[in-house]
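Reading through the structure tokens given below for one structure.
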2 protein chains.
Amino acid sequence: MDLSCKSEYALLALLELSPHYASGEPLQIRQISSQQNIPDRYLEQLLATLRRAGLVKSQRGARGGYLLARDPWKISLYDVVSCIEGFDTQADATKAPDTSEAVVIQDVWGEVRQAAEAILQKYTLQDLVDKRNAKQQVDIMYYI
Amino acid sequence: MDLSCKSEYALLALLELSPHYASGEPLQIRQISSQQNIPDRYLEQLLATLRRAGLVKSQRGARGGYLLARDPWKISLYDVVSCIEGFDTQADATKAPDTSEAVVIQDVWGEVRQAAEAILQKYTLQDLVDKRNAKQQVDIMYYI
DNA sequence: TGCAAACCCCAGTGGAGAACCGGGGTATAC
DNA sequence: GTATACCCCGGTTCTCCACTGGGGTTTGCA
């Protein structure tokens, strides 16, 4: 029932990378971590996971960094969360799955899971960037 | 993103109690735990939580036990899960909630949470009992 | 009245995972 | 060739879950 802090960090990092996709200029871990104040050594691990999942690409050496592997509107939140949380393997380790009552409950659990996944699948990174921009627009109007 | 084993145990226990609500005869922990093979000392704690939440009533002393506090169709799965999981207090301890990106992500998290709660709210204990009976009916038909 | 059957409360344990931190290695631009 | 980045591996602390145990108290019944 909880979407962990881990997934949030990963999404924040990818949102940071999204505007830089067009230019092709990589962003360093330190820039992302200081911008969103995420512990940098921790962020490094998350980016490694995202890289292995094929969501970002890395460039080593001086003036290296990370950049999105594909367009921000081709990456859904489900792509991100599932690879970070690692719940694609149907690893539901429930203890008493043999009674008929347990099966009925598992069905409901599955329904909840599916609903959550559907929501995560309908949003892309670009959607979140747009939403953020819209919110900031509102803030400016209030400011004026 | 996970509905814990704890909630499943609690639901199993309440499903066990549901058919006995009409007669008013209490059911002992040992009976429930052996039926659904749940560790009995653990189940005891869960039933205590359910009692404090007003979902079950207990009867102490010899020939005591537990029984539902109200009709099985007046108890939703949300009632059960929320009191066991304790997520009514909006205790979302997220670390970086200040940037505008973080707010947008929190919105999505909230949307997922709401969807999950909606599903849990639409099912009652009685619904699950009926579903289980329907499944067993199918099993019998296959058997014949 | 005694006693056993049940619930009641509180406390601790083992394991798993989350959120970090650190040490060294390796590739690359300048 | 050197500084700057990523890369890999391991350890640490903390929290929570699932579970266990040791006492109590209440109650039905012989």
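Each chain gets a letter, A, B and so on, in the order the sequences are listed, and its residues count up from 1.
Closest non-hydrogen pair, T99(B) versus Q36(A), comes out as OG1-OE1, 3.1 Å. Minimum interatomic distance between R63(B) and P26(B) (heavy atoms only, all atoms of both residues): O-CG, 4.0 Å.
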N/O-N/O pairs, protein side and nucleotides 11-16 of chain D side, under 3.5 Å:
none

Can you pull every protein N or O that's under 3.5 Å from an N or O on nucleotides 4-7 of chain D?
unit_1	atom_1	unit_2	atom_2	d
dT4(D)	O2	A62(A)	N	3.0
dA5(D)	OP1	Q28(A)	NE2	2.7
dC6(D)	OP1	I29(A)	N	2.9
dC7(D)	OP1	R51(A)	NE	3.4
dC7(D)	OP1	S58(A)	OG	2.5
dC7(D)	OP2	Y66(A)	OH	2.6
dC7(D)	N4	E44(A)	OE2	3.3

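A straight line from CG of N37(A) to P of dA19(C) spans 15 Å, rounded to a whole angstrom. As rounded to whole Å, 14 Å separates atom C1' of dT13(C) from atom OH of Y42(B). Rounded to a whole Å, the CG atom of L46(B) is 13 Å from the P atom of dC8(C). Straight-line distance from the NZ atom of K6(A) to the C1' atom of dG17(C): 8 Å, rounded to whole Å. Rounded to whole Å, atom P of dG23(C) lies 14 Å from atom CG of D40(A). Per the geometry, CD1 belonging to I84(A) stands 10 Å off P belonging to dA18(C), to the nearest Å. Regarding I32(B), its CD1 atom lies at a distance of 12 Å from the C1' atom of dC7(C), rounded to whole Å.
Both V129(B) and Y78(B) are members of a single hydrophobic cluster when ILVMFWY side chains are connected at heavy-atom separations under 4.5 Å.
Contact of the S18(B) side chain with the L68(B) side chain is registered, since non-hydrogen atoms from C-beta on lie closer than 4.5 Å. Using a 4.5 Å heavy-atom threshold, the side chains of I75(B) and R70(B) count as touching. Inter-residue side-chain proximity for L15(A) and I105(B) is flagged as met; some heavy-atom pair is nearer than 4.5 Å. Within the 4.5 Å cutoff, side-chain heavy atoms of L125(A) are placed close to those of L11(A).
Looking only at distances, a side-chain donor or acceptor of D127(B) sits under 3.5 Å from a matching main-chain atom of T124(B).
For Y9(B), a side-chain nitrogen or oxygen approaches OP1 or OP2 of dC19(D) to under 4.0 Å.
Residue L55(A) forms a side-chain contact (heavy atoms from CB on, under 4.5 Å) with just one option from D79(A), L47(A), T49(A), L17(A), and that option is D79(A).
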